[in-house]
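Input: a single structure, listed below in structure tokens.
Values below: every heavy atom of this structure, side chains too, minus hydrogens, waters and symmetry copies. Order of the sequence lines sets the chain letters (A, B, ...), proteins ahead of strands, with each chain counted from 1.
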Protein chains: 2
Amino acid sequence: MTAEIICVGTELLLGDILNSNAQFLGKQLAELGIAHYYQTVVGDNRERLKHVIAIASQRAQLLIFTGGLGPTPDDLTVETIADFFGVPLIERPEIIADIRQKFAQRGRTMSPSNHKQALIPQGAEILTNPIGSAPGIIWQPRSDKLTILTFPGVPAEMKQMWHEIAVPYLQSQGWCQEMICSHTLRFWGVAESALAEKVSSYLNLTNPTVAPYANYGEVKLRISARAESPEAAEQLIAPIEQQIKDIAGLDYYGRDHDTLASVVGQLLQQTHSTLAVAESCTGGGLGQMITRVPGSSSYFRGGIIAYENGVKMALLGVNPSDLEQWGAVSESVAQQMALGVRSQLNTTWGLSITGIAGPDGGTETKPVGLVYMGLAGPDGQATSFKFLFGRARGREWIQRVSASSALDVLRRMLLSA
Amino acid sequence: MTAEIICVGTELLLGDILNSNAQFLGKQLAELGIAHYYQTVVGDNRERLKHVIAIASQRAQLLIFTGGLGPTPDDLTVETIADFFGVPLIERPEIIADIRQKFAQRGRTMSPSNHKQALIPQGAEILTNPIGSAPGIIWQPRSDKLTILTFPGVPAEMKQMWHEIAVPYLQSQGWCQEMICSHTLRFWGVAESALAEKVSSYLNLTNPTVAPYANYGEVKLRISARAESPEAAEQLIAPIEQQIKDIAGLDYYGRDHDTLASVVGQLLQQTHSTLAVAESCTGGGLGQMITRVPGSSSYFRGGIIAYENGVKMALLGVNPSDLEQWGAVSESVAQQMALGVRSQLNTTWGLSITGIAGPDGGTETKPVGLVYMGLAGPDGQATSFKFLFGRARGREWIQRVSASSALDVLRRMLLSA
């Protein structure tokens, strides 16, 4: 069984969007143990797409298409595939019903052009799209010699359809021999190079493999094991994972889909404590990170976005003379913001952020990237923490890393308490 | 002149790295006005790479390769190309000297394996690598019928070689008569299918072309014109852009790098007015969107994250009996939140969001995805707006689209005021 990935879209050729779908599918095929030797990108053009199908169907037994399933005239993947194999398109009422219902959910009415999305080749199965209006197909146009899967180009839709429908289908066909299991260990507060040195001996392992990644201030180690069953793979991973956790100590914060916010949330729930935030330079980004976690309402009461100094004084009770003397970006103000929001919202913990996100507003003594966190706890005392994130990576990065670092400050406090 | 991009590397097939080189080269070719219809990714395998060269050299006159120029045995791009055209490899002493000197600069000695990188096809020119050890080639193996360019896979090296050497070369060959200029028009509050139907006559244009895209509730139209100069391209785009804006009316909000937050910010600055936000289900996401814009401190004072009902009452003055009677997700509470934050922070406008982001908390009458926005204005009056985002796309999507929709509510109010 050999697979081939075909991504359809002039926007890909023009470089308007990055082809992350091909990377996702390549990784998935590798994990399923399905060989895959070529990827092709082609524009929204019938003749060229047919040409690609002709070549790929000679090289592979499984063709995976992404893109070109939308309602507009330049979306022509499915009709071109049907045309290539000389099979008529049939309008499927269940697709019309599904699209109509999705539009209704959002108080909208389906457009005539959406009818196009209900046309699929005679004999093809519908690959249901649980999110958007564009369904895919599972089709064997030449008995079982060739299998075709189509997915929309929107990554979120493609990924969910892949996990929920395509993977079980591929496994049911017996096309997934060996498989790869992976776990990602997540770290905060340590540099990638520093962590890589600490665990250097593990980076040369062959099964499982251990590979470091880093982005937005977070460092990850991906442990991947190749085995015949998930259980066998997990048994290869478990001891390595434990040894790495022991080496990393508090810098390790979670695994796979954990986030700093979800881990802090679990710790708050375990300790039956509540949290409120006071944000200046992050402008709500910390609260957003916390409330992205389902169920966060059980420990997060809310916060105050004190973007302007007047708000820091009026709503957080920051002392005007301290603002005057030390400036908004200072230990003292960070602490008063944390204490203020804790008492205003009557919570166990108050967490604050005040800093200079840039690009303007930096000075000699207070450069862009200087951020203070304040943490007020059950004892009614506040501590502050100073961070220098630098200006190089820009405003959005500083805001995002500030919010994560604030959560990490609270995480370490909760773990050491 | 037609070009084709061939990216070589098993790590691309395995999804270990994202193919950003293909996006960069696609964008560059479009801007240079060199047509480009196919991209292929192939692994580090001689026979398969030859197969790809055979196909591509039939379709295009310019083949652009990235990857496989390193010193290790699996780097076989150049030797495979030479092999395909039956031309011997020649060791070029100037490459050896260049590599040796680069190693010396870093206090290292060149390793024997690097000699491999000095082998290029007889008759090929060296495409110098100013950064790394791997040079590329510029080669016309069949007189001037076919031109081959090779680049290393490392993006920084590939990009600098492209800009400094490849672009001047392509221009000197007279292959870049035309160039493409593009602008993206941005819309909010209209479905992709609905907008596409309104502007359907434009979707069939050939120069400029008009293509629709959609993500996270936003719809975009990309207008691309092919012309001999940027000025000429802009002249082709301008009238079409104006006509589409006239058709779209208030659904059009911005262009290219505009965001709803930046556009609202400009409107607030123009009207010398200020803004405060009250957030429930978005938990700070609206404030974050606003403060992501540099300089937002000139109109954004801050806000209150009233995630819990107690906070809605204590800090926003929401009437307990209304909370009791109508529930937190209601017109009345949305309006009171907007009025409350406007008076608390003493701003021109108060904007609020209260809704059910899910996955839990939905009911028959108030399903997941139901969100109310409240807007309190200079006249001290508040209005509310009801949205049904559906549950299908999940919590994060509902939170993000809610924040954007709240900004759109304010944008339309500021424009109609």
Closest-packed option against chain B by number of heavy-atom pairs under 4.5 Å, given A:Asn19, A:Ile305, A:Leu25, A:Val277 = A:Ile305
Among A:Arg48, A:Glu279, A:Met289, A:Arg108, who wins on heavy-atom pairs under 4.5 Å with chain B?
-> A:Arg48
Partners of B:Lys198 by salt bridge (charged side-chain N to carboxylate O under 4.0 Å, His left out), sequence neighbours excluded?
-> B:Asp251
Report the residues that fulfil salt bridge (charged side-chain N to carboxylate O under 4.0 Å, His left out) with A:Asp98, sequence neighbours left out, ordered by chain and then residue number.
-> A:Lys102
By a 4.5 Å heavy-atom criterion (distance strictly below it), what part of [X] contacts chain A: side chain, backbone, both, or neither?
X: B:Ala314; value: neither
X: B:Thr10; value: neither
X: B:Ile290; value: neither
X: B:Val293; value: backbone
X: B:Glu31; value: neither
X: B:Leu345; value: side chain
X: B:Ser297; value: both
X: B:Pro212; value: side chain

Toward chain A: residues of residues 389-399 of chain B with heavy atoms under 4.5 Å = B:Phe389, B:Gly390, B:Arg391, B:Ala392, B:Arg393, B:Arg395, B:Glu396, B:Trp397, B:Gln399
Contacts with chain A made by residues 216-225 of chain B (heavy-atom distance under 4.5 Å), listed by residue number | B:Arg222
Would you indicate whether the side-chain heavy atoms of A:Asp44 and A:Leu49 approach each other to under 4.5 Å?
-> no
Contact class of A:Thr109 relative to chain B, heavy atoms under 4.5 angstrom | neither
